[in-house]
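Have a look at the structure below, then the notes.
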Amino acid sequence: MKLSGVELRRVRMPLVAPFRTSFGTQSERELMLVRAVTPAGEGWGECVTMAAPVYSSEYNDAAEHVLRNHLIPALLAADDVTAYKVTPLLAKFKGHRMAKGALEMAVLDAELRAHERSFAAELGSTRDSVACGVSVGIMDSIPQLLDVVGDYLDEGYVRIKLKIEPGWDIEPVRQVRERFGDDVLLQVDANTAYTLGDAPLLARLDPFDLLLIEQPLEEEDVHGHAELAKRIRTPICLDESIVSAKAAADAIKLGACQIVNIKPGRVGGYLEARRVHDVCAAHGVAVWCGGMIETGLGRAANVALASLPGFTLPGDTSASGRFYRTDITEPFVLEAGHLPVPTGPGLGVTPIPDILDDFTTEKVWIGS
């Protein structure tokens, strides 16, 4: 397959409500979409970078720069491009996994559409729907938090994830447990907000029977997570620390995690995400699919990934309405706590042109 060109499209979408984590508050989602065009058709990718380098070192402006000046020209210069060749073709460029992942996603979508094969089938899906959890941001008050959690449970979400940070941890978890009971699947996400010195504090979460605590320490501190695992009973899940299948294997060997959150953009694409899944499955480590406030494009691919057999925990694959009043694709709607796995060619969804244009702030074409 020869690439004819690639369109980069910057998009800004308002959120239904501000979403606060330990690294900041978002009231809108600024992101970049990638459209890969070939003689046989086109495919879409979604870059999960944020406006600023607060979740990782990658961010929107840098992703656009490296895509325009390095990654896309390298693929345009190649005689034959398939999704499985994207990583080798881009290997000389260090880092920028989210940008690379978006480009690979677009190429894979185009390739699968041309062969009338779905993302789910290509990745190895074993289910036609996936159980969905929801991520609940840091709130202004505990009563507000309890109202929001209650609403999500009423909608049918089967797992609740609470964002935490120092000063917003023990008491919110305690009150959610007391209000909604021990049967609710409950986990917390620190987004690197703590240090190993906080181990006694984090141990105070143990009595609440949480599914896991996600990424309590800095992403580079894998050894710290291994030590923390000896001091608390709550299972540790790694997110930011897992940037590849090798990183997952190393963390598991060190005893730094019992669970892994797989975010395809963070590891460089859906093909590497599948490798992370395979490594974890081989070691008996449960995985679940994380979210980056994706549009319907990224959500479709995430739901397909989450239908692989090793994804035994509900992920952050929430319905479109969790974050957006209007999505750029047909919305994903929760049904009895589950989302259906798309079965159409490629992602199984495409942007709605008028809606996409309304949210577009900039677009550029890079051709051969």
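Only a predicted model underlies this, so the values are computations on that prediction, with no experimental measurement involved.
A salt bridge links Arg231 to Glu227: at least one charged side-chain nitrogen sits closer than 4.0 Å to a carboxylate oxygen. Between Lys246 and Glu272, no side-chain nitrogen of the basic residue sits less than 4.0 Å from a carboxylate oxygen of the acidic one, so the salt-bridge criterion is not met. A salt bridge links Lys85 with Asp80; the closest basic N to acidic carboxylate O contact falls under 4.0 Å. With respect to Arg35 and Asp109, no salt bridge is recorded, no charged nitrogen being found less than 4.0 Å from a carboxylate O. A salt bridge does not link Arg10 with Glu30: every distance from a Lys NZ or Arg NE/NH1/NH2 to an Asp or Glu carboxylate oxygen is 4.0 Å or more. Note on Lys100 versus Glu104: no salt bridge recorded, every NZ/NE/NH1/NH2 to OD/OE distance being 4.0 Å or above.
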Note to self: Test side-chain contact (heavy atoms from CB on, under 4.5 Å) on Val149 and Leu153; report intermediate values, then the result.
What the structure shows: CA-CA 6 Å; Val149 170; Leu153 291 173; 4.0 Å; yes
Note to self: With side-chain contact (heavy atoms from CB on, under 4.5 Å) as the criterion, how do Lys163 and Lys161 come out once you've worked through the C-alpha distance, each side chain's angles and the decisive distance to 0.1 Å?
What the structure shows: CA-CA 7 Å; Lys163 294 287 189 177; Lys161 180 172 86 173; 4.2 Å; yes
Checklist line | Working for side-chain hydrogen bond (donor to acceptor under 3.5 Å, both in side chains), residues Glu219 and Gln215 | finding: CA-CA 7 Å; Glu219 63 182 90; Gln215 197 69 43; over 6 Å; no
Next item on the list: Begin with the C-alpha distance, continue with both residues' side-chain angles, and end with the deciding distance and a verdict on side-chain contact (heavy atoms from CB on, under 4.5 Å) for Glu58 and Val48.
Entry: CA-CA 9 Å; Glu58 296 186 68; Val48 296; over 6 Å; no
Margin query: Show, in sequence, the C-alpha distance, side-chain angles and deciding distance for Asp239 and Arg266, and conclude whether the salt bridge (charged side-chain N to carboxylate O under 4.0 Å, His left out) test is met.
Written below: CA-CA 9 Å; Asp239 173 359; Arg266 192 193 64 231; 2.4 Å; yes
Next item on the list: Let me see the working for Val6 and Val34 under side-chain contact (heavy atoms from CB on, under 4.5 Å), right down to the final yes or no.
Entry: CA-CA 7 Å; Val6 175; Val34 178; 3.6 Å; yes
Note to self: Before you tell me yes or no, could you show the steps for Glu64 and Arg68 under salt bridge (charged side-chain N to carboxylate O under 4.0 Å, His left out), namely the whole-Å CA-CA distance, both residues' side-chain angles and the distance that decides it to 0.1 Å?
What the structure shows: CA-CA 6 Å; Glu64 180 176 353; Arg68 291 179 66 167; 3.2 Å; yes
Next item on the list: Walk me through it: do Glu46 and Thr295 pass the test side-chain hydrogen bond (donor to acceptor under 3.5 Å, both in side chains)?
Entry: CA-CA 8 Å; Glu46 181 167 338; Thr295 71; 2.6 Å; yes
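A continuous path of hydrophobic side-chain contacts links Trp168 to Phe19 [ILVMFWY only; heavy atoms under 4.5 Å]. Hydrophobic clustering (side-chain heavy atoms under 4.5 Å, transitive across Ile, Leu, Val, Met, Phe, Trp, Tyr) groups Leu297 together with Leu271. Residues Leu8 and Met98 are members of separate hydrophobic clusters, defined by side-chain heavy-atom contacts under 4.5 angstrom among Ile, Leu, Val, Met, Phe, Trp and Tyr. Linking Ile, Leu, Val, Met, Phe, Trp and Tyr residues whenever their side-chain heavy atoms come within less than 4.5 Å leaves Val86 and Val276 in two separate clusters. Residues Ile355 and Ile293 fall within the same hydrophobic cluster, defined by Ile, Leu, Val, Met, Phe, Trp and Tyr side chains chained together at heavy-atom separations under 4.5 Å.
For the side-chain hydrogen bond (donor to acceptor under 3.5 Å, both in side chains) with Asp316, the qualifying choice from Arg322, Arg159, Lys263 is Arg159, the only one to do so.
Using a 4.5 Å heavy-atom cutoff, the side chains of Glu218 and Tyr194 are not in contact. Counting only heavy atoms from C-beta outward, the side chains of Phe208 and Ile170 approach each other to under 4.5 Å. Side-chain atoms of Pro14 and Tyr324, non-hydrogen and from C-beta on, never get closer than 4.5 Å to each other. Side-chain contact check for Ser318 versus Ser135: every heavy-atom pair is 4.5 Å or farther apart. Side-chain contact between Ile236 and Leu212 is absent, with no heavy atoms from C-beta onward closer than 4.5 Å. Using a 4.5 Å heavy-atom threshold, the side chains of Val333 and Leu339 count as separate. Within the 4.5 Å cutoff, no side-chain heavy atoms of Glu294 are placed close to those of Phe323. Inter-residue side-chain proximity for Leu308 and Val287 is flagged as unmet; no heavy-atom pair is nearer than 4.5 Å.
Phe180 CZ: more than 12 foreign heavy atoms inside a 6.0 Å radius. Heavy atoms from other residues, nucleotides or ligands lying under 6.0 Å from CD of Glu362 number more than 12. No more than 12 heavy-atom neighbours from other residues, nucleotides or ligands sit within 6.0 angstrom of CD on Glu116. Within a 6.0 Å radius of NE2 in His70, other residues, nucleotides and ligands contribute more than 12 heavy atoms.
Classification of the Tyr270-Phe119 ring pair by plane angle, with boundaries at 30° and 60°, yields perpendicular. A parallel orientation is assigned to the rings of Phe311 and His277, their planes being inclined by less than 30° (bins at 30° and 60°).
Distance check, rounded to the nearest 0.5 Å: CG of Leu162 to CD of Glu214 gives 11.5 Å. The structure places CD1 of Ile72 at 6.0 Å from CG of Leu103, a figure rounded to the nearest 0.5 Å. Atoms NZ and CG, on Lys2 and Asp79 in that order, are 5.5 Å from each other to the nearest 0.5 Å. Annotation: the span from Glu7 atom CD to Ile366 atom CD1 amounts to 8.5 Å, rounded to 0.5 Å. Here the OG1-CD distance, from Thr21 to Gln26, works out to 7.0 Å after rounding to the nearest 0.5 Å. To the nearest 0.5 angstrom, Ile262 atom CD1 is 5.5 Å from Cys280 atom SG.
Judged purely by distance below 3.5 Å, without hydrogens or angles, the side chains of Thr49 and Asn60 pair a donor atom with an acceptor atom.
Judged by distance alone, with hydrogens and angles left aside, the side-chain atoms of Thr329 form no donor-acceptor pair with the main-chain N or O of Thr350 at under 3.5 Å. The backbone N or O of Glu122 sits less than 3.5 Å from a side-chain atom of Arg274, completing a donor-acceptor pair.
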